[in-house]
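Here the structure comes first, spelled out in structure tokens, and everything after it is commentary.
Worth knowing before you read on, the calculation uses all heavy atoms, side chains too, and leaves out hydrogens, waters and symmetry mates.
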Amino acid sequence: MKIAIITDSGSGLTKAQANDLGIYYLPLQILVKDQMYLDGENITLDEVYKLLEKGEMPTTSMPPVGMMEEVFEQIKKDGFDEVIAIPLSSGLSSTSSVMEVTAKELELSLHIVETYTTCEIQKYLVTCAKTLVDQGFDVNEIITRLNDSIKESGSFVVPNDLQHLKRGGRLTPLAAALGGMLKIKPVLQLNSKTGGKIDVYDKVRTLSKALKTTVTTVSENNLDSGYKLIVLQSKAQEDAEKVKELLKTSFPNTDVVIGNIGPVISVHTGLGCITIQYIKKVQM
């Protein structure tokens with residue numbers, strides 16, 4: 001039984017990285033005025049940052065439908081019997097539903113893993129799934145192990161500016177309403193309880209307080225060495241370092257790493273955003 005793994009660029013992987021890992025890949029689209037870019041293929045993170053610094057307000061879209069059809073046709077041509085898809089949260093994008101329709105038309109057996117998030121958690125699940133495939137586990141066992149970890153995961157987002165998320169329509173109505181309130185720094189959450197949508201966890205007055213609130217909240221979880229703990233940032237390296245040190249104090253036995261919020265996600269979070277993600281390690 002041959003099992004293919006497919007993901008999208010919400011994972012932060014580039015097409016070249018996915019190819020090297022033997023993972024099928026779908027680029028989300030970044031649109032700037034009349035120009036369309038394929039995330040992870042022909043636009044870099046630094047280029048997205050420069051656009052945001054210039055005051056541009058890019059938008060995003062799911063992978064091109066024609067490209068999605070081509071990739072699934074290639075999977076079928078390559079002789080795979082089963083496909084495990086690990087796209088970004090269905091609460092953020094319709095990618096998963098279009099994947100489902102495309103696979104059905106081609107009579108491919110598709111299993112979609114709902115991550116309820118994106119970025120580093122999504123990438124981690126993708127790489128673990130590929131490792132489990134290579135180790136010879138069947139589809140049901142792989143999905144069970146991934147879901148067991150997803151149940152013990154979460155993402156907290158502290159944006160410096162809500163306007164990008166508000167404009168992109170990725171917020172719940174309550175979170176969007178905060179976008180017009182002065183001197184409010186919301187702590188946002190993204191997990192299974194929010195249905196993979198971005199919702200308000202708390203509201204504070206300053207960015208510093210928002211970051212401390214986030215660290216305190218994460219610290220209430222029993223995140224031992226059996227968890228991955230990641231601090232993500234978009235042009236906020238100094239704040240990310242501070243958050244990392246605070247987390248290391250709370251979790252001395254857990255590795256804390258700093259990463260970047262990928263291009264297509266940065267379009268929505270804007271610059272100066274800090275995100276903390278955690279997930280129970282997948283049983284390997």
Considering non-hydrogen atoms only, spot the tightest contact between [X] and [Y] and give its length.
X: S94; Y: M62; answer: OG-SD, 3.5 Å
X: L52; Y: P58; answer: CD2-CD, 3.8 Å
X: K281; Y: S225; answer: NZ-O, 3.1 Å
X: G195; Y: Y116; answer: C-CD2, 4.0 Å
X: V48; Y: S266; answer: CG1-CB, 4.4 Å
X: L45; Y: P263; answer: CD1-N, 3.7 Å

Point-to-point distance, once rounded to the nearest 0.5 Å, from [atom1] of [X] to [atom2] of [Y]:
X: T214; Y: K209; atom1: OG1; atom2: NZ; value: 14.0 Å
X: D134; Y: K130; atom1: CG; atom2: NZ; value: 3.5 Å
X: K228; Y: S149; atom1: NZ; atom2: OG; value: 11.0 Å
X: I143; Y: E114; atom1: CD1; atom2: CD; value: 13.0 Å
X: E120; Y: I279; atom1: CD; atom2: CD1; value: 11.0 Å
X: I84; Y: I5; atom1: CD1; atom2: CD1; value: 4.0 Å

Min side-chain heavy-atom separation [X]-[Y] under 4.5 Å:
X: I43; Y: L51; answer: yes
X: L21; Y: T127; answer: yes
X: F80; Y: E82; answer: no
X: M99; Y: L26; answer: yes
X: P63; Y: V71; answer: no
X: E141; Y: L132; answer: no
X: M68; Y: T95; answer: yes
X: T60; Y: I265; answer: no

Testing the 3.5 Å rule here: is there a donor-acceptor pair between the side chains of [X] and [Y]?
X: D78; Y: Y24; result: yes
X: T14; Y: E41; result: no
X: D39; Y: Q29; result: no
X: Q74; Y: E70; result: no

Answer with yes or no whether the hydrophobic clustering places [X] together with [Y]; edges join I, L, V, M, F, W, Y residues whose side-chain heavy atoms lie under 4.5 Å apart.
X: L108; Y: I3; result: no
X: L110; Y: V113; result: no
X: L92; Y: V264; result: yes
X: L232; Y: L28; result: yes
X: I112; Y: I75; result: yes

Please check if the number of heavy atoms outside [X] that lie under 6.0 Å from its [atom1] is greater than 12.
X: K15; atom1: NZ; value: no
X: E53; atom1: CD; value: yes
X: M284; atom1: CE; value: yes
X: E220; atom1: CD; value: yes
X: K2; atom1: NZ; value: yes
X: K235; atom1: NZ; value: no
X: D148; atom1: CG; value: yes

With distance as the sole test, does [X] use its side chain to make a donor-acceptor pair with the main-chain N or O of [Y] at under 3.5 Å?
X: Q122; Y: S11; value: yes
X: S234; Y: C273; value: yes
X: R145; Y: V282; value: no
X: K242; Y: S208; value: no
X: N191; Y: K193; value: yes
X: D8; Y: L88; value: yes
X: T249; Y: E245; value: yes
X: T115; Y: T118; value: no
X: D224; Y: G226; value: yes
X: Q189; Y: D199; value: no

- Item | Trace of the side-chain contact (heavy atoms from CB on, under 4.5 Å) decision for Y124 with I121 | CA-CA 5 Å; Y124 174 65; I121 289 179; 5.7 Å; no
- Task: Might you work through the side-chain contact (heavy atoms from CB on, under 4.5 Å) test for L31 and S61, ending with a clear yes or no?
- Result: CA-CA 8 Å; L31 300 107; S61 181; 4.0 Å; yes
- Item | Residues that, via side-chain heavy atoms closer than 4.5 angstrom, fall in one hydrophobic cluster with L207 |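 L207 shares its hydrophobic cluster with F156, V158, V187, Y201, L211, V215, V218, L223, Y227, L229, V231, V243, L246, L247, F251, V256, I258, I274, I276, Y278.
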- Message: Between E56 and K50, does any side-chain N to carboxylate O distance fall below 4.0 Å?
- Response: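 K50 and E56: not salt-bridged.
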- Task: Go through the steps for S155 and Q277 under the test side chain to side chain donor-acceptor pair (under 3.5 Å), then give the verdict.
- Result: CA-CA 4 Å; S155 301; Q277 294 191 309; 3.0 Å; yes
- Message: Walk me through whether D239 and Q233 qualify under side-chain contact (heavy atoms from CB on, under 4.5 Å).
- Response: CA-CA 8 Å; D239 286 333; Q233 57 86 32; over 6 Å; no
- Task: Check the pair S192 / I150 against side-chain contact (heavy atoms from CB on, under 4.5 Å), numbers first and verdict last.
- Result: CA-CA 8 Å; S192 59; I150 292 169; 5.8 Å; no
